[in-house]
Amino acid sequence: MIVLLIVPPTVQLLLYGFALNPDVHNLRLGVIDYANVSASRELVSAMTSNHTFNLESVPTSEKDLSRQVEEGKLDVGLIIPPNFPRQLAKKSAEIQVFIDGVNANTAGIAANYVNQIIQQYSFSLVQGQVSPPVSTEVVFLYNPGLTSSWFFVPGVMGLVLTLIGTLVSAVTVCTRERYRNFRAIVNDSL
């Protein structure tokens, strides 16, 4: 009974703390850079500078890129148009992004990452010219490193305590019934 109270909760807390992680890393990125200028290379560099996206493929056509995303060989496809430098000069540049939507959670997180990276890239382009109208400063008080296991472990602790409490109660009732049955058999045989 003591082993049942100590070992499974400890193993479950350790296992779930490391295994349950919603962070997305190492997404496979494919890029078609029709512009092939320093600004477009900086955008691709911004996409791959962290460990969220890894440049896996540089297809030659949009059809190949689309096919690779559809087949699951790539998670994200990025198309930079040939008129990208002119659009940047006019402050209205557009790029096209394909995201594999098979796993909706990963696709949503990847879309948010792409939006954030592109937004940071666009702010870096206008940094010396115009300041953004609204600036925000986000401070995470209880989890500054955004370690996802800090969010999951308290919930897992509640789940494990509930399961262990139920399991121990069931074992206790089962043990008492066996003891009563054993006593009844011993009394009948005497």
Side-chain angles (χ1 to χ4, degrees), residues 1-31 43-57 68-78 97-121 123-124 135-190:
M1 186 86 84
I2 293 174
V3 171
L4 197 63
L5 286 171
I6 295 172
V7 174
T10 306
V11 170
Q12 287 173 343
L13 283 176
L14 291 174
L15 182 67
Y16 290 149
F18 290 112
L20 296 176
N21 187 352
D23 297 337
V24 177
H25 298 290
N26 300 320
L27 292 173
R28 297 164 297 177
L29 174 68
V31 175
L43 176 60
V44 173
S45 176
M47 294 287 288
T48 58
S49 64
N50 56 12
H51 296 291
T52 304
F53 297 103
N54 293 329
L55 185 61
E56 294 283 326
S57 175
Q68 288 180 8
V69 172
E70 286 176 4
E71 291 175 356
K73 294 178 182 174
L74 295 174
D75 298 310
V76 177
L78 179 70
V97 178
F98 297 122
I99 297 177
D100 184 8
V102 170
N103 184 342
N105 186 41
T106 302
I109 293 171
N112 288 333
Y113 282 157
V114 168
N115 287 333
Q116 285 180 341
I117 291 170
I118 291 172
Q119 185 179 21
Q120 287 176 352
Y121 172 75
F123 278 138
S124 72
S135 65
T136 57
E137 183 178 336
V138 179
V139 178
F140 297 99
L141 298 177
Y142 301 109
N143 191 359
L146 292 180
T147 308
S148 58
S149 62
W150 290 10
F151 291 115
F152 285 112
V153 170
V156 170
M157 286 175 66
L159 177 69
V160 166
L161 289 174
T162 303
L163 288 173
I164 294 301
T166 305
L167 186 61
V168 168
S169 299
V171 168
T172 303
V173 168
C174 183
T175 305
R176 285 185 184 171
E177 283 298 319
R178 283 189 177 175
Y179 180 72
R180 284 185 197 155
N181 289 341
F182 176 74
R183 281 184 53 193
I185 291 172
V186 170
N187 287 339
D188 288 342
S189 65
L190 292 177

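FYI, the numbering just counts along the sequence from 1.
- Residues passing the side-chain contact (heavy atoms from CB on, under 4.5 Å) test with Ser57, sequence neighbours excluded: Pro59, Gln68, Leu74.
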As a quick check of understanding, evaluate side-chain contact (heavy atoms from CB on, under 4.5 Å) for Asn50 and Ile117, giving each step before the final call. CA-CA 10 Å; Asn50 56 12; Ile117 291 170; 4.2 Å; yes
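- At a threshold of 4.5 Å between non-hydrogen side-chain atoms, the residues Thr106 and Leu27 count as touching.
- For the atom pair OG1 (Thr48) and CD (Glu56), the distance works out to 11.5 Å, reported to the nearest 0.5 Å.
- Scanning both residues, Val114 and Phe53, for their nearest heavy atoms gives CG2-CZ, 3.6 Å.
- Annotation: side-chain contact (heavy atoms from CB on, under 4.5 Å) contacts of Gln120 (sequence neighbours excluded): none.
- The two residues Gly101 and Ala107 make their nearest non-hydrogen contact at CA-CB, 3.9 Å.
- Taking 4.5 Å as the limit, every side-chain heavy atom of Leu55 sits out of range of all side-chain heavy atoms of Met47.
- Atom CG of residue Asp75 and atom CG of residue Asn26 lie 10.0 Å apart, to the nearest 0.5 angstrom.
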Tabulate below the donor-acceptor pairs under 3.5 Å that side-chain atoms of residues 158-174 make, not counting sequence neighbours, or state none.
residue, atom, partner, partner atom, Å
Thr162, OG1, Gly158, O, 2.8
Thr166, OG1, Thr162, O, 2.9
Ser169, OG, Gly165, O, 2.9
Thr172, OG1, Val168, O, 2.8

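- For the pair Leu29/Thr52, no side-chain contact is recorded, criterion being any heavy-atom separation below 4.5 Å from C-beta on.
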